[in-house]
Amino acid sequence: MKAMHDVKGLPVICAREGIECGSVRELFINCCEGKVQYLIIEDDEWYLGAKLLPFDKVLGIGRHAVITESHENIFSFSQVEGAHDLIKQGTSLIGAKVYTQKGEYMGNVEEYYFDEKDGRVIKCQLCVE
């Protein structure tokens with residue numbers, strides 16, 4: 001299980017090429033499926049637009065880096081079919097309001113934890129105001 005804040009900022013290493021191809025800027029959540037769908041990668045060419053690493057192309061997430069097989073696994077935002085639709089749904093849990101089934105406000109999500117094997121969001125930490 002990994003915390004979102006433990007992954008943000010980690011370098012992304014492409015194992016085949018042996019290079020660092022950027023760092024994790026954000027996690028892109030598919031809220032309908034309740035899982036991390038992509039890692040948003042920031043690199044030296046950030047001015048050309050967002051780059052996405054599909055979660056299923058992540059080989060491992062350690063304390064010091066995220067590993068993927070090749071830089072070919074990283075796509076520009078415009079190359080990813082359905083990415084615009086996901087953004088319209090909302091891509092982050094941070095700040096989301098949480099209510100009980102009876103409509104009582106519980107707080108806002110300040111951190112979430114996900115399964116590093118399949119990206120499923122496992123639990124959320126709330127900030128109670």
Side-chain angles (χ1 to χ4, degrees):
M1 178 168 60
K2 290 285 183 187
M4 179 270 302
H5 282 99
D6 292 339
V7 178
K8 284 178 70 170
L10 288 179
V12 178
I13 307 297
C14 300
R16 184 184 319 150
E17 296 90 352
I19 60 170
E20 181 178 323
C21 57
S23 61
V24 178
R25 179 181 174 109
E26 190 66 59
L27 297 144
F28 198 162
I29 302 291
N30 181 327
C31 292
C32 292
E33 293 183 17
K35 62 192 287 186
V36 177
Q37 185 106 22
Y38 300 99
L39 303 181
I40 300 174
I41 307 302
E42 184 171 77
D43 62 10
D44 292 338
E45 297 178 345
W46 57 267
Y47 48 85
L48 295 176
K51 295 191 175 65
L52 303 176
L53 171 61
F55 192 82
D56 63 358
K57 299 294 184 184
V58 171
L59 296 176
I61 302 173
R63 286 190 356 222
H64 305 290
V66 172
I67 307 297
T68 188
E69 184 179 343
S70 171
H71 75 279
E72 295 171 355
N73 292 334
I74 298 172
F75 303 96
S76 68
F77 185 85
S78 61
Q79 291 177 293
V80 178
E81 188 177 329
H84 290 281
D85 294 333
L86 282 176
I87 283 187
K88 289 177 188 176
Q89 294 172 12
T91 61
S92 180
L93 294 175
I94 301 301
K97 293 180 179 181
V98 178
Y99 296 89
T100 67
Q101 289 181 341
K102 294 184 179 186
E104 300 297 320
Y105 173 72
M106 294 178 63
N108 293 55
V109 175
E110 68 177 7
E111 175 69 285
Y112 61 88
Y113 301 82
F114 62 95
D115 184 316
E116 60 195 280
K117 293 177 185 154
D118 64 10
R120 282 180 306 113
V121 174
I122 297 170
K123 67 179 182 175
C124 295
Q125 181 177 324
L126 302 182
C127 175
V128 181
E129 299 172 357

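- Considering all non-hydrogen atoms of both residues, Asp118 and Phe55 come closest at C-CE2, 3.5 Å.
- A 4.5 Å side-chain heavy-atom check between Glu111 and Met4 finds at least one atom pair inside the cut-off.
- Residues Val66 and Met1 are members of separate hydrophobic clusters, defined by side-chain heavy-atom contacts under 4.5 angstrom among Ile, Leu, Val, Met, Phe, Trp and Tyr.
- Counting heavy atoms from C-beta outward, Tyr38 and Phe77 have side chains that stay 4.5 Å or more apart.
- Atom NZ of Lys2 sits in a crowded spot, with more than 12 heavy atoms from other residues, nucleotides or ligands closer than 6.0 Å.
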For residues 18-29, tabulate all N or O donor-acceptor pairs below 3.5 Å that involve a side-chain atom, not counting sequence neighbours.
from, atom 1, to, atom 2, distance (Å)
Arg25, NH1, Glu42, OE2, 2.6
Glu26, OE1, Lys8, NZ, 3.3

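- Within the cation-pi definition used here (under 6.0 Å to the ring centroid, within 45° of the axis), Lys123 qualifies as a partner of Tyr113.
- Cys124 and Tyr112 get closest at one heavy-atom pair: SG-CB, 4.0 Å.
- Partners of Asp115 under the salt bridge (charged side-chain N to carboxylate O under 4.0 Å, His left out) rule, at least two apart in sequence or in another chain, are Arg120.
- Between the Glu33 side chain and the Asn30 main chain, no donor and acceptor come within less than 3.5 Å of each other.
- Atoms OG1 and CG, from Thr68 and Leu53 in turn, are 4.5 Å apart once rounded to the nearest 0.5 Å.
- Each of Leu39 and Ile67 belongs to its own hydrophobic cluster when Ile, Leu, Val, Met, Phe, Trp and Tyr are linked at side-chain heavy-atom distances under 4.5 angstrom.
- Nearest approach of Ala65 to Leu10, heavy atoms of both residues: N-CD2, 4.0 Å.
- Heavy-atom minimum distance, Ser70 versus Glu17: OG-OE2, 2.7 Å.
- Atom CD of Glu81 sits in a sparse spot, with 12 or fewer heavy atoms from other residues, nucleotides or ligands closer than 6.0 Å.
- For Glu72, the salt bridge (charged side-chain N to carboxylate O under 4.0 Å, His left out) test picks out Arg16, with sequence neighbours left out.
- Residue Lys57 holds its NZ atom at 13.0 Å from SG of Cys14, rounded to the nearest 0.5 Å.
- Within the 4.5 Å cutoff, the side chain of Leu126 has no heavy atoms near those of the Asn108 side chain.
- At a threshold of 4.5 Å between side-chain heavy atoms, the hydrophobic network of Ile, Leu, Val, Met, Phe, Trp and Tyr places Ile122 and Val36 in two separate groups.
- With respect to the salt-bridge test (charged N to carboxylate O, under 4.0 angstrom), the residues Asp43 and Lys51 qualify.
- Ile13 and Ile74 fall into different hydrophobic clusters, where Ile, Leu, Val, Met, Phe, Trp and Tyr side chains are chained together by heavy-atom contacts under 4.5 Å.
- Rounding to the nearest 0.5 angstrom, the gap separating the CG atom in Leu52 from the CZ atom in Phe75 is 9.5 Å.
- By the rule that hydrophobic residues join a cluster once side-chain heavy atoms approach within less than 4.5 Å of another member, Val109 and Tyr105 end up as members of separate clusters.
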